[in-house]
A.B. asks: 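Here it is: the structure, laid out below.
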Amino acid sequence: MSAPYEEITDATEGKVYTVSGNDWTELVETLTGQQDEQLVVNMGPQHPSTHGVLRLVLNLDGETVTEARTVIGYLHTGIEKNMEFRTWTQGTTFVTRMDYLAPIFNETAYCLGVEKLLGITDRVPERAQAIRVMMMELTRISSHMVAIGTFGMELGATTPFLFGSREREMVLDVMEYITGLRMNMAYIRPGGVSVDLPAGAVDKVGELLKIMPQRIKDMRKMLDANPVYLARTKDVAYLDLTGCMALGITGPMLRAAGLPWDLRKSQPYCGYETYEFDVPTERTADVYGRYLVRMAEMEQSLKIIEQALDRLSGPLKGDRVMVDDKKIGWPAQLALGPDGLGNSPDHIAHIMSGSMEALIHHFKLVTEGFRVPAGQAFASVESPRGELGAHVVSDGGTRPYRVHFRDPSFTNLQAVPATCEGGMVADVISAVASIDPVMGGVDR
Amino acid sequence: MLSTVEQVAGWARKNSVWPATFGLACCAIELMSTGGPKHDLARFGMERASASPRQADLMIVAGRLSQKMAPVLRQIYDQMAEPKWVIAMGVCASSGGMFNNYAIVQGVDHVVPVDIYLPGCPPRPEMLIDAIVKLHDKIQNTKFGAHRAKQIDELELQALRALPLIDQGSAK
Amino acid sequence: MSSDNLPGVPEEPIARTGMFGATGTGDTSGYGRLVVRRKPELSTPRPYGGYFDTVADELERALGAELADAVERVVVDRGELTFHVRRERLVEVARTLRDDPALRFELSLGVSGVHYPHLEGEELHAVIHLCSITHNKRLRLEVSCPDADPHIPSTVSVYPTHDWHERETWDFFGIVFDGHPALTRIMMPDDWDGHPQRKDYPLGGIPVEYRGAEIPAPDQRRSYS
């Protein structure tokens, strides 16, 4: 018998043994006692616990992770490039599909950027701002529910997923009632929102506000002091404030490290300075802390929704929801018809038989879109995952010159090596899940 | 005799479909909702989402397929055991959808054969369930041996004779 | 593909808020060529307004006489402050902005590339947004490099978060960040040709057939603007 195994080659990872079969015994005998037992595990890109198409390359020494590398780009969609060939308004349809768990936040960040370029930030009606705030906070709840639900599932517990999914469906029903779609709504538009709240929407949200606090309590009752859950989350994936700052990490991860940095408080937009709410923080900087922050944020979101709802049904009732500029307000004065679909019958009657100018105007606005003065702007919002920024550049035309999204998932995912290396391989799952990356946002 | 065997085998196959979830993007979230408590895919005997392609016979491609992901998709498809079926969930998986650009494969049928195209962006869970029920019907009526060859010829002829959409007229 | 169908880049930006340049009862003839042009905002004289003056003063104090050499021009537009930094001095400026107690821009929001093929000698721009949590301030750094020599020094040593952001900008625009620990493609497959988000890279769409009619890809369609 010749060599016990076919070939030994030296690679950067160490010695590579090519085994041809039937020689396991010899191989084990040769290797016993040697200290280069590095195992490289490739996890993903299609793996049930990687939160989407994320690929992790883990170097393992026994059960300990010595090196964790992240490979992304498996969902790169070219959204930023695609937008350069569409009008400014059509851009909302694209950005909403980036971070698909928080579509309203993408739209708001983009629209705030476009409004800044147009110079109409102060002219956006208050009612539109209140609707935006309400929709954003509803989205925050649904997003956190998915985050906690899938987190539970990835740790092997099915019940949190069932709870989270049930609660999310409730929010999605309300969203569908208001916008017409469950996800990817393209509801927020430059200048306001696409349609006003339909009749009965206030009651629907009110109903949700009655049920949701109990549901969040149920979730807390199940997980807050659950010994198995604590064992999997406490002191796992520690990342302190210094690490967070260096890696540019924002959102619940940063707040779990003790810094109450929330753009809604520090640099308010959409009138957040007029709402009363707290910024929950934890000092543990671990997975459990991030979970607690998310739970507390949902409770605060309910408080904000309640205040927004009071304004929408009270002082802001009947106001405009689109900027009072017929050159920008798109779609032009559309409203739901009696059949629940289509354009406003009054508007159609007006443009088709009343006024030729209005028809031309409508045609131009829909086919060509509005022009945006040249320049660049950066607008950011506090999304469920952290600071979501939109860098919007215009050359003065009817299409974006360049739109770049600073997605929090993309930046936060850089923390994987910092949180996983030196830990156990089982904790990689909870570390990645506690970052709550959405690959659509990471890869765009 | 063969017809009876076909019926029995089809019935057995359609009632034990194990999906390998290929969740990619937004549609994957709706796919999860389909398995959630409200829509409950378990009613159709399909709640066991297989983590391993070796033990799966239905691939639900949920979301946009990028050029970088395409080889991975094909590899997972090749790892699945015969007989296998594919549902292209959502417009991106069916045709590339709104992302007609350099990064996205314009339909997963460039990479794997697709049995059911499910439109929507994303399709509602009810639509996915409908697609799955239609696929069950297809599985139930799949023929074997000489019958299968004849069935394929018939379907092929039917497809060749079909008029382009523009000549079919609008929905009546 | 030809670039004839791509929207042209106006020589000078257009100054107006509405579609036809009117806020009241203006032109609704639909003739989109009635434009009011203005010079692009190249540099803003002092005072900048708001906290921008403080930031500029502090940077001047921290950098001393080297400021004039490092910062080419300052632009204040739409309530945002932009420092156009000479690329050779970028790392130094970034480090000062991060470390100086009066500045403390400790959070970076990443690098965003922009390709301006019509700006000769500075075709490629890297835009860095900084945020100071201590002082609750924001600032933008803009660095440019010519297409013929697409090199910008890497700022990963100052802001470790730029690791992936610079890789992304390299992948999409072809800007080489000198000194980056591992400048490889991040979004596209490793063997991809070209840098897809540059203006000279086509969108890459294919014509779509719908009900027998063929609709060209978005970048091949007739443009209305």
Side-chain angles (χ1 to χ4, degrees), chain A residues 44-53 55 71-86 90 93-94 96-101 103 142-143 145-146 149-150 153 158-159 161-170 172-173 176 181-184 186 438-441 443-444, chain B residues 20-42 47 49-53 56 59 61-77 79 90-92 96-105 120-127:
Chain A
Q46 186 56 38
H47 187 280
S49 338
T50 50
H51 245 76
V53 281
R55 180 175 159 205
V71 186
I72 61 168
Y74 289 96
L75 197 55
H76 176 58
T77 316
I79 292 177
E80 290 169 358
K81 176 104 178 171
N82 237 120
M83 287 170 73
E84 291 166 17
F85 298 93
R86 303 287 178 159
Q90 286 171 326
T93 329
F94 279 95
T96 190
R97 282 163 176 79
M98 286 184 173
D99 181 344
Y100 41 77
L101 282 184
S142 76
S143 173
M145 276 297 176
V146 174
T150 52
M153 195 161 64
T158 322
T159 322
F161 170 69
L162 295 178
F163 274 33
S165 180
R166 182 186 63 184
E167 269 71 286
R168 181 166 186 271
E169 286 292 328
M170 278 170 47
L172 288 197
D173 285 347
E176 188 183 7
L181 282 164
R182 287 158 57 88
M183 293 164 69
N184 304 345
V438 174
M439 297 316 288
D443 295 341
R444 301 177 300 275
Chain B
T21 54
F22 204 85
L24 293 166
C26 336
C27 290
I29 307 295
E30 288 297 63
L31 182 65
M32 276 161 47
S33 306
T34 315
K38 187 169 172 189
H39 302 286
D40 198 7
L41 205 53
E47 79 277 22
S50 180
S52 159
M59 178 190 262
V61 186
R64 48 210 188 217
L65 179 71
S66 71
Q67 307 276 5
K68 197 172 178 177
M69 195 67 190
V72 183
L73 177 89
R74 182 69 210 191
Q75 189 178 356
I76 290 190
Y77 179 77
Q79 285 172 344
V91 275
C92 301
M98 68 193 291
F99 302 115
N100 191 355
N101 63 21
Y102 64 92
I104 295 295
V105 176
C121 189
R124 302 175 58 85
E126 289 90 335
M127 292 169 73

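All heavy atoms count here, side chains included; hydrogens, waters and symmetry mates do not. Reminder, nothing fancy here: chain letters follow the sequence lines and each chain counts from 1.
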A.B. asks: Heavy-atom cut-off 4.5 Å, strictly under: side chain, backbone, both or neither for A/Met98 against chain B?
C.D. replies: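 Just the backbone, heavy atoms under 4.5 Å.
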A.B. asks: Rounded to the nearest 0.5 Å, how far apart are SG of B/Cys27 and CG of A/Asn184?
C.D. replies: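 It comes to 8.5 Å.
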A.B. asks: Heavy atoms only, distances under 4.5 angstrom: which of A/His76, A/Glu176, A/Arg86 has the most pairs with chain B? Name it, please.
C.D. replies: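 Looking at each option in turn, the highest pair count goes to A/His76.
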A.B. asks: For B/Phe99, is it the side chain, the backbone, both or neither that has a heavy atom under 4.5 Å from a heavy atom of chain A?
C.D. replies: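 Both parts, backbone and side chain.
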A.B. asks: Name the region of B/Cys121, side chain, backbone, both or neither, that has any atom closer than 4.5 Å to a heavy atom of chain A.
C.D. replies: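 Backbone plus side chain of B/Cys121, per the 4.5 Å heavy-atom cut-off to chain A.
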A.B. asks: Does B/Arg64 pair with A/Asp443 as a salt bridge, N-O distance under 4.0 Å?
C.D. replies: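 A salt bridge is absent here (no side-chain N lies under 4.0 Å from a carboxylate O).
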A.B. asks: Is the side chain of B/Asn101 donor-acceptor paired with the backbone N or O of A/Ile79 at a distance under 3.5 Å, no angle test?
C.D. replies: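 Answer holds: no.
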A.B. asks: What residue in B/Met98, B/His39, B/Lys38 has the most heavy-atom pairs under 4.5 Å with chain A?
C.D. replies: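 If we count pairs closer than 4.5 Å to chain A, B/Met98 comes out on top.
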A.B. asks: Below 4.5 Å, heavy-atom pairs only: which of A/Gly73, A/Gly149, A/Gly440 has the largest tally toward chain B?
C.D. replies: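 Looking at each of A/Gly73, A/Gly149, A/Gly440 in turn, A/Gly73 comes out on top.
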A.B. asks: For the atom pair OG1 (A/Thr77) and CG (B/Leu65), what is the distance rounded to the nearest 0.5 Å?
C.D. replies: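 Going from the OG1 atom of A/Thr77 to the CG atom of B/Leu65 covers 10.5 Å.
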A.B. asks: Measure across B/Gly36 and A/Ser165 and return the closest heavy-atom pair with its distance rounded to 0.1 Å.
C.D. replies: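 B/Gly36 and A/Ser165 have their closest heavy atoms at CA-OG, 3.7 Å.
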A.B. asks: How would you list, by chain and number, every residue that makes a salt bridge (charged side-chain N to carboxylate O under 4.0 Å, His left out) with A/Arg444, sequence neighbours excluded?
C.D. replies: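 Testing A/Arg444 for salt bridge (charged side-chain N to carboxylate O under 4.0 Å, His left out), a comparison that skips the adjacent residues, returns A/Glu80, C/Glu168.
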A.B. asks: Within the structure provided, determine whether A/Met183 and B/Ile29 are in side-chain contact (heavy-atom separation under 4.5 Å).
C.D. replies: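 A side-chain contact exists here, since the closest heavy-atom pair is under 4.5 Å.
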A.B. asks: Does any part of the side chain of B/Met32, heavy atoms only, come nearer than 4.5 Å to the side chain of A/Thr150, both counted from C-beta?
C.D. replies: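 In short, these two side chains touch, coming nearer than 4.5 Å.
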A.B. asks: Got a donor-acceptor contact below 3.5 angstrom from the B/Lys68 side chain to the A/Ile72 backbone?
C.D. replies: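 Side chain of B/Lys68 to backbone of A/Ile72, a donor-acceptor pair under 3.5 Å: yes, one is there.
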A.B. asks: State, to 0.1 Å, how close B/Ser66 and A/Tyr74 come at their nearest heavy-atom pair, and which atoms those are.
C.D. replies: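 The pair with the smallest heavy-atom distance is OG-O, 2.8 Å.
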A.B. asks: Starting at OG of B/Ser33, measure out to CZ of A/Arg182 and round the result to the nearest 0.5 Å.
C.D. replies: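 Atom-to-atom, B/Ser33:OG and A/Arg182:CZ are 5.5 Å apart.
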A.B. asks: Enter the distance from B/Leu24:CG to A/Tyr100:OH here, rounded to the nearest 0.5 Å.
C.D. replies: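 Rounded to the nearest 0.5 Å, the CG-OH separation comes out at 8.5 Å.
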A.B. asks: Looking at A/Arg97, A/Met153, A/Lys81, which one has more heavy-atom pairs under 4.5 Å with chain B than the rest?
C.D. replies: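 Ranked by contacts with chain B, first place is A/Arg97.
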A.B. asks: Name the region of A/Phe94, side chain, backbone, both or neither, that has any atom closer than 4.5 Å to a heavy atom of chain B.
C.D. replies: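 Its backbone and side chain both get close to chain B.
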A.B. asks: Would you mind checking which part of B/Ala25 comes under 4.5 Å of any heavy atom in chain A, side chain (CB onward), backbone (N, CA, C, O), both or neither?
C.D. replies: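 Both backbone and side chain.
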A.B. asks: Please report the interatomic distance CG(A/Leu172) to CD(B/Glu30), rounded to the nearest 0.5 Å.
C.D. replies: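 So the CG of A/Leu172 and the CD of B/Glu30 are separated by 6.5 Å.
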